[in-house]
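Scope of the values below: all heavy atoms of this structure, side chains included, with no hydrogens, waters or symmetry mates. A, B, ... follow the sequence lines: proteins, then strands. Residue 1 opens every chain.
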Protein chains: 2
Amino acid sequence: MIVTGAVMPGALLAETALAQEFEVSRTPIREALKQLEREGLVEVRARVGTFVRKPTQREIHEMFELKESFEGLAAGLLAKRGPVPELEHLKENVARSQQAVEHGDAQEYSQLVHDFHSTLVAGADNRKLSEHYDLLMNQLAYQRIVSQTLSQPGRLQNSVKEHQAIIDAISSKDPLAAELVMRRHVAASSQLAAIAALKEDEGQSN
Amino acid sequence: MIVTGAVMPGALLAETALAQEFEVSRTPIREALKQLEREGLVEVRARVGTFVRKPTQREIHEMFELKESFEGLAAGLLAKRGPVPELEHLKENVARSQQAVEHGDAQEYSQLVHDFHSTLVAGADNRKLSEHYDLLMNQLAYQRIVSQTLSQPGRLQNSVKEHQAIIDAISSKDPLAAELVMRRHVAASSQLAAIAALKEDEGQSN
DNA sequence: AATTGGTTTGTTGCATGCATGAAATGCTAG
DNA sequence: CTAGCATTTCATGCATGCAACAAACCAATT
């Protein structure tokens, strides 16, 4: 809903309006908005209104630091796991990503990248990690969609190679290497995404 | 409230009862309980009741893995920071912890350990990290568990030494070492805490 | 024209009533 | 005495009304 960017940041989310739209009373709407407030997606100003929150540039930076830590942990845990059912899925993902890059299919590639990272975190077999990760990614989602498509074509090929290296480290049961490679990969991607988000931000505010 | 263990796991938290206790209507109580449900502290079974949730042994293990990752990240970020105002506070904390260990003051030491870790995470200067960390620690009810590991004789002195090593790594601006030492420290403490939690669990269920 | 004051409007915060459904309870039959 | 069924109890889920308050608006005055 909000994470897809369907509503613009700063927009008012009036309880009564949403209640009419979804054809329920204010109460369940209100509870949902409170949840979103706790997730940091909206800001409820008492007796004024509920507004879609726009993450600051600093918060985006902080969230990318967390993302690196989360996914690094996930990669390490995957390498520590005995059998990893998701490994085949990840290998196939890399193969298809390679094809997508060669064909210049940005849409397909964006989808595959998202699938790769969420499969990897899910495969870590740590539900609490997944919960925290999902929470984090919800807050980042809007920026993610925009910046993914704007990544430079040269980066995509490198990204695929890094994905392959991550899989290799996991396959060889090397948790330290898996975490290290993963973190470097996320850091590199994050840097580009942060720059894209910054430019987007400047374009909006002017 | 719940995190302090004032109410036992499995206990029913009736909205009407809480409403009378706090002298408000059900509505704000209800919102608070929904928040706690999202935080994983209580379980709301539709039209049955709201109950204090008891983390499974597996969840405790997962949360300790997350704790290690969070605090490792925090230590690394601290070492990366230029000036660290909290460093003096941390040094003083270690000095007082050393005294507490020598005097066998378990109560004081427990408080100092908690202060050390929260100061360290807060000092990382990453609010999103702090939010996720606080969320995690609420679920762990850490204070309750850690107090039971205090009876371990040799562990306390080792813990203080590890705290000192963490400070040294931060002082020398070595992020990798800071993270590594921190993670080893958390892993060691977590192992003892997990054992304590397991024993408490067995004691309860019998 | 600008400012200040009061009024109006719109929003959330809270209280409360009713509907829904699950679980406990008791009653009856075997 | 036990098993099964109806009933009663009790909890949340949702709808709605009212109060409180912030902000926008408008008019009067300087």
Boundaries of the chain B footprint along DNA chain C (any atom under 4.0 Å from a heavy atom)
dC14(C) to dA23(C)
Could I get a table of every N or O pair under 3.5 Å where one atom is in the protein and the other is in nucleotides 22-25 of chain D?
from    : atom 1 : to       : atom 2 : distance (Å)
dA23(D) : OP1    : Arg45(A) : NH2    : 3.2

Which salt bridge (charged side-chain N to carboxylate O under 4.0 Å, His left out) pairs, counting each pair once, include a residue from residues 39-48 of chain A, with sequence neighbours left out?
Glu39(A)-Arg38(B)
Please give, in whole Å, the distance from dG17(D) P to Arg30(A) CZ?
17 Å
Take atom CD1 of Ile29(B) and atom P of dA11(D), then tell me their distance rounded to the nearest Å.
14 Å
Does Glu62(B) come within less than 4.0 Å of Arg58(B), counting only side-chain N to carboxylate O?
yes
Show your working on side chain to side chain donor-acceptor pair (under 3.5 Å) between Ser189(A) and Arg155(A) and close with a plain yes or no.
CA-CA 8 Å; Ser189(A) 300; Arg155(A) 170 68 190 146; 2.9 Å; yes
Are His185(B) and Phe116(B), when compared by the centres of their aromatic rings, separated by less than 6.0 Å?
no
Separation of dA11(D) C1' from Lys34(B) NZ (nearest whole Å):
13 Å
Criterion side-chain contact (heavy atoms from CB on, under 4.5 Å) against Leu87(B), the qualifying member of Ile170(B), Leu120(B), Thr119(B), Leu78(B):
Ile170(B)
Identify whether the distance between the nearest side-chain nitrogen and carboxylate oxygen of Arg183(B) and Glu179(B) falls below 4.0 Å.
yes
Name the residue from Glu65(A), Gln191(A), Glu68(A) that meets the side-chain contact (heavy atoms from CB on, under 4.5 Å) definition with Val186(A).
Glu68(A)
DNA chain D: Val24(A) or Thr16(B), which has the more 5' nearest nucleotide?
Thr16(B)
Report yes or no: does Glu15(A) contribute a side-chain atom to a donor-acceptor pair with the main-chain N or O of Arg26(A) at less than 3.5 Å?
no
